[in-house]
Amino acid sequence: MSNSGKVFLIGAGCGEYDLITLRGMRALEDCDTIIYDSLIDKRLLDFCNENAEKSPWASAAENIPFSRQI
């Protein structure tokens, strides 16, 4: 039996959750697992499959002082 799948990297716009693309929204609706960082607008998680596993991930950007972020 083959264990294969797909990975999608979804950007959700410039700080506005409703700027996500339709393709990105469909991927969230269909996925089994969501790994997200602190930059996500939590309202996007409402679009996810209710049975999907949702896991926060701490990114390196969280440790950079705000004044140094680009």
Q. For C48, what residues pass the side-chain contact (heavy atoms from CB on, under 4.5 Å) criterion, not counting sequence neighbours?
A.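 Expected list: L28, I34, L45, K54.
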
In Å and rounded to the nearest 0.5 Å, what is the [atom1] to [atom2] distance from [X] to [Y]?
X	Y	atom1	atom2	answer
I20	I40	CD1	CD1	8.0 Å
R26	I10	CZ	CD1	12.0 Å
D37	I35	CG	CD1	11.0 Å

| Which pair of heavy atoms, one from Y17 and one from L44, lies closest together, and at what distance? |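 Closest pair (atom of Y17, atom of L44, distance): O-CD2, 3.6 Å.
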
key: Contact summary for A52 and C31, nearest pair of heavy atoms   =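 It is CB-O, 3.6 Å.
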
Would you indicate whether K42, at its atom NZ, is surrounded by more than 12 heavy atoms from other residues, nucleotides or ligands within a distance under 6.0 Å?
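Yes, the 6.0 Å shell around NZ holds more than 12 heavy atoms from other groups.
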
